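The model shown is predicted, which means the values in this text are computed figures rather than measured ones.
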Amino acid sequence: MAMVMLTSCSGFLDRETDSIFSDEEVFGDADMSLSVLAGLYNQVDHGPNFNNFSSFSTTTGTWGELDEASCFQPNNSTTFSTSLWRYYPYGYIRNLNMFLESVRKATALPATDRQTYEAETRFLRACAYFNMVRGLGGMPIVGDKVFSTSDDIATMQHARVTEAEAYDYIISECDYCASTLSTTGGVHQARASRWAALTLKARAAITAASLAKYNNAVTPDIVTAGQEVGIPPEKANEYYRIAAETAKEIIDSKQFALYDKYVDRAENFYRLFVDMTNNTEVIWARDYQYPDVVHSWSANSCAPSVTGNSASNEITPLLNLVESYEYIDNRDGHLKLTDEKGEYVFYDSPADLFKNKDPRLKGTIICPGDEIDSKEVVYQAGQMRIQKKGSKQVWTTKTSAAGTTDDDGDIITAVNGPRASSVAWENTTGFNFRKYLDPTADGRKSSHGSEIWFIRMRYAEVLLIYAEAQLELGHNADGLEALNAVRKRAGLKPLSNYSLDDIEQERRVEFPLENQRYWDLKRWRRAHTEWDGTSENSRQWGLFPYKVKDLRSPQNGKWVFVKVQNSKMPNARRFEMYNYYNFLDNGWLSNNPLLVKNPYQ
């Protein structure tokens, strides 16, 4: 067997070359075999991430699909795709199995290296199965088999396993990996560790538990005859127990702690995602290093005034997400835009609207009035003035192209927008992401690129998995401390008790851009009620700030805010029952007659 050589360019980061080497050459050299493994790590990402940033040029399968963010291209859809984030990684699994087979035969490698490489490979394979199974249900498990073109086609066709068997396999593989892997993930936690394996186990267990409980309680018709979809309800508590015990093992290890280096709670939350030095919270991350392995998140997602890049705003936060953040003294996070009579509320400063919000808001999102590098990031949709219409006086707006000023030199529409537009790179929501924003000027340039990591697993998730599992097991007192630890780090008051609604709330505001929201609502069977085609959450919303310019008005110089539908996604969308499991592609069904279709397909 011939292996493609991946030449190390910076630590554990690698790039592909055109050179081909034999197994003997690759696995007779520790550096070369490690390079191949690193190449397999680089293929593990599933869902929106910095490594597939080019997918933002489309609307399917990006963060713009959810009620967190808007994509920069228009999308008139009223439904969710049956292939959204669908994953069928058997080609990748074959590559992993090829590597695994070669490692086991590589007597030139030290036994400890062979053992570590096997555990890492099986961890990556477990990740692949998990990302597939949560979208498709139980799928064929091929084990360590490496198929070749000489194999009988019938031996390559495997039937689907049950959904429970699929999760059991992932959990079992994680057990092996956790017993074998190191307790450290190396530089920037870029490699799998014992704790990454246990975190994946906890994720799989809490997902399986939720499906066993809520699919049967809420959507009992979403099953197949062979239980390829549908986990029996009596299995729920066992999976919750596994999730709780696994999370507790990580907690009790004292190897991780919530990031807590800055007194300012908003700054602390922002720094969590860009501080790659002795960061106690990160369990596993996708690493980058200048100049060979960089990404363009900061250059292409932030405001033009921050990056100097005209091709910005590729992904912008929604008002839906902003209003999910509660106030320090009020758990209802809706912004006060109008009074009880429906009249505008006027603010002296744009920042006044967001006072006393959960500090995670400002650590995640740049809001009107916020400062980056001691310079205000101005959002202004237009000017507002009083105009007489008949016997009434009404407020009217004046707007223009982004970056336009009037004859007095006053801003009409800021360079950062927002504007109602279907044009790419126009901000249509009124916010930008601060999360993962490179703190360096060079890192925000598309010509340079950023080396800020993408965090795949972190300790806050472990705490919230533990809190959720204990809640479902009826051990609220045990889980409350973990939930309140996350709230305390955020700067919020502790809760005296909690429910699944509180778990959803904390995960909603703790994990934007971390690929949690969509899968949470699916496993709890809440997606069809959250995105029901009629509710406000079914639509994407933006917030347009206007500055009053009218010398006749006592409100001159003040600010008002208008809630608007996102012009890039103007329609309400409905999550249908068939969206809970992706449809199997017709090509897969043709190639393998043993596959059965998913519900509603």
Side-chain angles (χ1 to χ4, degrees), residues 63-72 265-267 269-270 273 301-303 306 313-338 344-345 347 349-372 376-381 414 416-420 427-437 487 490-492 504-514 516-518 521 530-531 535-546 559-569:
W63 279 302
E65 289 287 324
L66 303 183
D67 53 359
E68 291 183 351
S70 169
C71 187
F72 82 119
R265 297 291 85 189
E267 183 69 14
F269 196 69
Y270 161 68
F273 298 96
S301 71
C302 202
V306 174
N313 298 317
E314 290 206 358
I315 197 86
T316 58
L318 296 172
L319 179 62
N320 309 49
L321 177 59
V322 171
E323 291 195 317
S324 295
Y325 291 87
E326 63 191 80
Y327 287 91
I328 291 175
D329 56 356
N330 182 358
R331 300 205 69 191
D332 182 354
H334 285 86
L335 301 172
K336 190 171 180 58
L337 309 180
T338 57
Y344 289 129
V345 174
Y347 291 91
S349 164
D352 291 345
L353 177 63
F354 306 95
K355 283 183 176 178
N356 297 321
K357 272 278 200 175
D358 178 340
R360 284 175 291 191
L361 170 64
K362 297 300 187 75
T364 305
I365 295 171
I366 304 172
C367 299
D370 285 355
E371 292 186 352
I372 300 294
E376 182 180 352
V377 183
V378 178
Y379 298 95
Q380 183 175 329
N416 300 319
R419 295 184 70 234
N427 188 323
T428 59
T429 67
F431 306 94
N432 284 99
F433 279 107
R434 190 184 185 199
K435 194 170 190 175
Y436 288 119
L437 176 65
R487 288 179 59 84
L492 297 179
E504 180 185 341
Q505 166 66 17
E506 287 306 310
R507 292 180 67 90
R508 167 76 153 134
V509 298
E510 181 75 18
F511 299 126
L513 302 180
E514 296 181 61
Q516 302 276 11
R517 173 75 169 163
Y518 180 74
L521 293 184
E530 187 75 10
W531 303 311
S535 66
E536 283 205 354
N537 289 336
S538 299
R539 295 185 181 275
Q540 292 193 349
W541 298 96
L543 186 68
F544 280 21
Y546 292 90
W559 292 82
V560 297
F561 297 84
V562 180
K563 179 179 179 178
V564 299
Q565 288 191 45
N566 178 22
S567 56
K568 299 284 179 65
M569 181 77 82

- Message: Taking Phe431's backbone N and O only, do any of them form a donor-acceptor pair with Asn427's side chain (distance below 3.5 Å, no angle check)?
- Response: yes
- Item | Atom pair CG (Leu521) and CD (Glu504), whose distance is rounded to the nearest 0.5 Å | 5.5 Å
- Is a side-chain donor or acceptor of Glu68 paired with a backbone partner of Arg508 at a separation under 3.5 angstrom? no
- Message: Looking at Thr316 and Phe72, would you say the former's side chain and the latter's main chain have a donor-acceptor pair under 3.5 Å?
- Response: no
- Message: By the definition salt bridge (Lys or Arg N to Asp or Glu O under 4.0 Å), identify the one residue from Lys435, Arg360, Arg487 that meets it with Glu510.
- Response: Arg360
- Task: Output, in order, the C-alpha distance, side-chain angles, deciding distance and verdict of side-chain contact (heavy atoms from CB on, under 4.5 Å) for Trp559 and Asp352.
- Result: CA-CA 10 Å; Trp559 292 82; Asp352 291 345; over 6 Å; no
- Show the numbers, then the answer: is there a side-chain contact (heavy atoms from CB on, under 4.5 Å) between Leu437 and Asn432? CA-CA 10 Å; Leu437 176 65; Asn432 284 99; over 6 Å; no
- Task: Can you sort out the partners of Gln565 under side chain to side chain donor-acceptor pair (under 3.5 Å), two or more places apart, ordered by chain and number?
- Result: Arg539
- Which atom pair, heavy atoms only, marks the closest approach of Lys357 to Glu323? NZ-CA, 3.8 Å
- Using 30° and 60° as the class limits, which term best fits the ring planes of Phe561 and Tyr347: parallel, tilted or perpendicular? perpendicular
- Query: Can you tell me how far the CZ atom of Phe433 sits from the CD1 atom of Ile365, to the nearest 0.5 Å?
  - Reply: 5.5 Å
- Apply side-chain contact (heavy atoms from CB on, under 4.5 Å) to the pair Leu513 and Phe273, showing each step before the final yes or no. CA-CA 11 Å; Leu513 302 180; Phe273 298 96; over 6 Å; no
